[in-house]
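Here is how names work: the chains are called A, B, and so on, in the same order as the sequence lines, proteins then strands, and each is numbered from 1. Side chains are part of it too, since the values below use all heavy atoms of this structure and drop only hydrogens, waters and symmetry mates.
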Amino acid sequence: MWYFASPLIVYGEDALSHLATLEGQRAALITDVHLVALGLADKVTDFLRQGGLEVVCYDRVEPEPSLELVKEGAEFLLTHSPDWIVALGGGSVIDAAKAMWILYARPDLDPEAINPIEHFNLRAKARFVAIPTTSGTGSEVTWAIVLTNRAERRKLGLGSREAIADIAIVDPAVVMDLPPRLTADTGLDALTHAIEGFTSTYHNDFTDGLCLKAAKLVFEYLPRAYRFGKDDPEARARMHYAATLAGLGFGNAMAALAHGIGHALGAIFHLPHGRAVALALPYTIAYCAQGEPGSTRYAELAYHLRLPAESEWVAAKALIEAVTDLMRQVEQPLTLAQAGIAQRDLEREMSVLIDHAMNDTQTIMSPRVPDESELQALLWQMYSGDISL
Amino acid sequence: MSIPFPSDAWIKAMMEDLNQSQAYAEAAKNWEGDFYFIIEPGGSLDHTVILYMDLWHGKCREAFEITDPEARKPAFRLSGPIQTWKKVMTRQLDPMQAMMTGQLRLQGNMAMVMKNVRAAKELVESCTRIPTIFPV
């Protein structure tokens, strides 16, 4: 027995106007100061008010949301008692808002203890709308929540099956002006979701098609979205949909080792999430392909992406080349050194990185799970650019 | 020689396996907390069996069958019917999926669990290595 979870997805031109149809008393808009400054928060507020909702706004969400921040946001919710929570932002905002939603229902809970086993009865207090303003996170359609324990310098892969939005509004208009670097970072996050969702040990028939379609869209449209931005609205829209499709895929099949390593790197070196997981991806493909023969799905994945796929090894090699070629097209770092991490810093932080990556909830979904020495070797390969296969 | 599950001999065999496992020692080096594994009746098993394990920083310090449920106050309790335990131990059912779908019930400090998922994985790996006879 397993589940496939999805919100109602409202997508396409003017999807944002669906907000005016929400019925209730009060909406809490959770966002960040940049989206307020860009006027997007006002646009959302206007639609919510058109529907007759009172709107209160919490705009203090920061990148890599901390345990302290979500507790503060939950206090805001407890003060204002909304019956709708509307998250407007990238993955940090949406993940933080989901955690606040849980603490709103369960103020006694330690946010580190958010888990997929307990029942929190979230909808007794409020329902949830997610509006992604980047094209990559997929958080609008997943129940995953990544929070940062600042004291331990660790990202925690948490989640609750209940903490999935009731409605995801996927409106390409809100990402038209996304800067190129953010387009690349988040777009490669979507690709990593698609590839890891297809190859994780939780992959299933309900998610495979979503992951494949998302991967195809990213390979085709990310370079255009990166290069032409709002001058290529088709590429912008297809990337926005690709991110949501990948979110549905990996959200119901889990991610894997590149995410486990990416979370650890992100928390220690403050690399943007998408950049960190994408950097790890080709190296983890090479690592997994050298495991037990037949234990990966790279041949099937490569076949569907029209890459050479005669064997697992050939397919993995072709996949690595396709991923690294895409990363070059969008000017992403291919090594930790290129990402600005010094050798001495990597040496100093190695044991912490290994400890956190080893115990990340995504690492154990990998078709091949490394031990400490293998993980250390992988991180050094990522530093030097040695993708051994 | 296969060992009947659930039994005192079986949990002691698992203790021995865990204490020889480098993978478990690495994965569970931060783990603190003892367990009741509560196996509920089914098939020819006509009563609940409780197996106790004291897990501490990558080692198992004690393991035995409990006859009095009040004998210890463990940090964690994992319970479910014998059929579900068998599916998990024979790799027919993923332990996390078993817990998420309510087929196994876990009580205890969930923050500790979420930060040490690898330890839980290695614990299950150990179960699968014990030659086991299940009740019919």
For B/Glu16, does the CD atom have more than 12 heavy-atom neighbours from other residues, nucleotides or ligands under 6.0 Å away? no
Contact origin within A/Asp360 toward chain B - heavy atom pairs under 4.5 Å: backbone
Evaluation steps, side chain to side chain contact (heavy atoms under 4.5 Å, CB included), between B/Gln97 and A/Met1: CA-CA 8 Å; B/Gln97 289 183 335; A/Met1 179 167 78; over 6 Å; no
Is the closest side-chain heavy-atom distance between B/Lys115 and A/Glu152 below 4.5 Å? yes
Is it the case that more than 12 heavy atoms not belonging to A/Phe206 sit under 6.0 Å from its CZ atom? no
Go through the atoms of B/Ala120 and report whether side chain, backbone, both or neither lie under 4.5 Å from a heavy atom of chain A. neither
Quick check: are there more than 12 heavy atoms from other residues, nucleotides or ligands sitting under 6.0 Å from NZ of B/Lys87? no
B/Asp94 side chain near A/Tyr202 side chain, heavy-atom distance below 4.5 Å: yes
Considering only heavy atoms, which portion of B/Gln107 lies under 4.5 Å from any heavy atom of chain A: side chain, backbone, both, or neither? neither
Honestly, the part of A/Leu156 sitting under 4.5 Å from a heavy atom of chain B is side chain
Sort A/Ile114 into side chain, backbone, both or neither according to what part of it lies under 4.5 angstrom from a heavy atom of chain B. backbone
Decide yes or no for B/Asn30 and A/Asp355: does some side-chain heavy atom of the first lie under 4.5 Å from some side-chain heavy atom of the second? yes
Are the side chains of B/Met100 and A/Arg161 in contact, using a 4.5 Å heavy-atom criterion? yes
Chain A interface, residue from B/Lys29, B/Glu26, B/Met99, B/Gln22 that has the most non-hydrogen pairs under 4.5 Å: B/Glu26
Name the region of A/Asn115, side chain, backbone, both or neither, that has any atom closer than 4.5 Å to a heavy atom of chain B. both
Using a cut-off of 6.0 Å, state whether more than 12 heavy atoms not belonging to A/Glu292 lie near its atom CD. no
Residue B/Met96 versus chain A: region with a heavy atom under 4.5 Å: both
Take atom CG of A/Asp205 as the centre, draw a 6.0 Å sphere, and report whether it contains more than 12 heavy atoms from other residues, nucleotides or ligands. no
For the candidates A/Pro116, A/Gly159, A/Gly157, which exhibits the highest count of non-hydrogen atom pairs separated by less than 4.5 Å from chain B? A/Pro116
Rounded to the nearest 0.5 Å, how far does CG of A/Asn359 lie from NZ of B/Lys121? 12.0 Å
Are A/Glu118 and B/Arg105 ion-paired here, with the side-chain N under 4.0 Å from a carboxylate O? no
Using a cut-off of under 4.5 Å on heavy-atom pairs, state which of B/Ala27, B/Ala119, B/Ala111 scores highest against chain A. B/Ala111
Heavy-atom distance under 4.5 Å between the side chains of B/Met110 and A/Ile117, does that happen here? yes
